[in-house]
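In what follows, chains carry the letters A, B, and so on, assigned in the order in which the sequence lines appear, proteins first and then strands, with residues in each chain numbered from 1.
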Amino acid sequence: AQTVTQSQPEMSVQEAETVTLSCTYDTSESDYYLFWYKQPPSRQMILVIRQEAYKQQNATENRFSVNFQKAAKSFSLKISDSQLGDAAMYFCAYNSNSGYALNFGKGTSLLVTP
Amino acid sequence: ETGVTQTPRHLVMGMTNKKSLKCEQHLGHNAMYWYKQSAKKPLELMFVYSLEERVENNSVPSRFSPECPNSSHLFLHLHTLQPEDSALYLCASSQGLGEETQYFGPGTRLLVL
């Protein structure tokens, strides 16, 4: 079974600063996909970024980027120029090419202070 | 409407009630999912449908009964629930299974009294 671990229950960052959220996962598969989702107080789960394991290049989406270390099974999310609207729960998730379910971590609550 | 919608957004029911949650996706996807999100627990997959066929039933109690009449609609029928079933129920859809990105609806917050 695959497991996803987010070791930081809460993180805080000042507006305009950079923050990195950690995620590690355990799998025996070689072909899989990793995601970061954001869940603001509205509870809508919103896709932030996606990474294919076969790609060596780290995914980026505007102010969001990942540091994907396949050998270490690590998948951290970096948020640059943090904004108040970035405050939310952030979930790391895994899915294999042959799977159905997204396997989620327990989440990291990000607080953004002015 | 765009994306994935869910109704109702909030639901309070007694343990003897029967109610249904509705999910509709406007993305032209072929797979739909129900997830349960309880406090302090990771999201749990409940059911997966692909092209209206159920492909996964993740050991969910029979008091939860899914229905997928077509690829755009997914229902979760609820009966004789327990207080521990109180949670946020999230619907998602994707183009296919496996590698495809899943897109979520806003959820139904359920309280069982």
Side-chain angles (χ1 to χ4, degrees), chain A residues 1-10 21 23-27 29-55 59 61 64 66 75 88-109, chain B residues 2-6 8-11 23 25 27 29-51 53-60 66 68 87-111:
Chain A
Q2 296 84 21
T3 58
V4 178
T5 303
Q6 294 179 248
S7 59
Q8 306 153 315
E10 294 179 349
L21 308 183
C23 173
T24 58
Y25 58 94
D26 185 26
T27 183
E29 308 249 2
S30 59
D31 194 10
Y32 54 87
Y33 304 83
L34 296 163
F35 306 84
W36 279 99
Y37 283 88
K38 165 186 176 181
Q39 189 177 42
S42 68
R43 308 310 299 270
Q44 173 95 46
M45 195 73 77
I46 302 165
L47 176 70
V48 175
I49 203 164
R50 163 193 164 113
Q51 174 80 44
E52 292 85 354
Y54 63 83
K55 289 188 178 178
E61 285 289 342
F64 299 88
V66 298
F75 182 60
M89 281 291 289
Y90 285 81
F91 292 93
C92 178
Y94 165 104
N95 198 2
S96 69
N97 195 36
S98 58
Y100 306 128
L102 281 171
N103 293 280
F104 284 85
K106 291 187 175 182
T108 297
S109 178
Chain B
T2 59
V4 182
T5 58
Q6 289 185 243
R9 295 293 309 276
H10 302 272
L11 179 63
C23 175
Q25 58 95 2
L27 300 169
H29 288 167
N30 293 315
M32 296 188 77
Y33 311 76
W34 280 116
Y35 286 87
K36 176 183 179 182
Q37 186 177 26
S38 305
K40 303 191 186 301
K41 291 176 68 175
L43 271 79
E44 304 168 70
L45 178 72
M46 300 177 73
F47 301 103
V48 181
Y49 278 81
S50 176
L51 297 171
E53 295 291 324
R54 190 191 305 180
V55 296
E56 181 85 357
N57 175 1
N58 219 22
S59 300
V60 179
C68 187
L88 181 70
Y89 289 84
L90 290 163
C91 175
S93 72
S94 61
Q95 183 60 50
L97 298 173
E99 65 180 271
E100 300 292 340
T101 298
Q102 294 180 25
Y103 295 89
F104 286 80
T108 295
R109 179 161 291 286
L110 173 66
L111 177 62

Handout entry: side chain to side chain donor-acceptor pair (under 3.5 Å) between A/Tyr94 and A/Glu29, intermediate numbers included
Key = CA-CA 11 Å; A/Tyr94 165 104; A/Glu29 308 249 2; 4.9 Å; no

Which atoms of [X] are under 4.5 Å from chain B, going by heavy atoms: the side chain, the backbone, both sets, or neither?
X	result
A/Arg50	side chain
A/Tyr32	neither
A/Leu47	side chain
A/Gln6	neither

With a 4.5 angstrom heavy-atom cut-off, which part of [X] approaches chain A: side chain, backbone, both or neither?
X	value
B/Gln6	neither
B/Leu90	side chain
B/Leu88	side chain

Practice task
Drop me the distance from A/Phe35's CZ to A/Met45's CE, to the nearest 0.5 angstrom.
Solution key: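 That separation rounds to 13.0 Å.
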
Problem - Contact winner vs chain A - B/Val48, B/Leu43, B/Leu45, heavy-atom pairs under 4.5 Å - result: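 The residue among B/Val48, B/Leu43, B/Leu45 with the greatest pair count is B/Leu43.
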
Practice task
Select, from B/Arg9, B/Arg109, B/Glu100, B/Glu44, the one with the greatest count of heavy-atom pairs under 4.5 Å involving chain A.
Solution key: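 That would be B/Arg109.
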
Problem - Side chain A/Gln44, main chain B/Phe104, donor-acceptor under 3.5 Å - result: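 Judged by distance alone, yes, a pair lies under 3.5 Å.
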
Practice task
Report yes or no: does A/Tyr25 contribute a side-chain atom to a donor-acceptor pair with the main-chain N or O of A/Leu34 at less than 3.5 Å?
Solution key: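 Flag not set: sc A/Tyr25 to bb A/Leu34 has no pair under 3.5 Å.
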
Practice task
Kindly determine whether B/Thr101 and A/Tyr33 satisfy side chain to side chain donor-acceptor pair (under 3.5 Å), including the steps that lead there.
Solution key: CA-CA 9 Å; B/Thr101 298; A/Tyr33 304 83; over 6 Å; no

Exercise for the section: Determine the interplanar angle of the A/Phe91 and A/Phe104 rings, folded into 0 to 90°, and report it as parallel if under 30°, tilted if 30 to 60°, perpendicular if over 60°. Expected result: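 Plane angle over 60°, so perpendicular.
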
Exercise for the section: Can you label the angle between the A/Trp36 ring and the A/Phe75 ring as parallel, tilted or perpendicular, going by 30° and 60°? Expected result: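 Correct class here is parallel.
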
Exercise for the section: With a 4.5 Å cut-off on heavy-atom pairs, point out which of A/Lys106, A/Gln39, A/Glu52 contacts chain B the most. Expected result: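 Heavy-atom pairs under 4.5 Å are most numerous for A/Gln39.
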
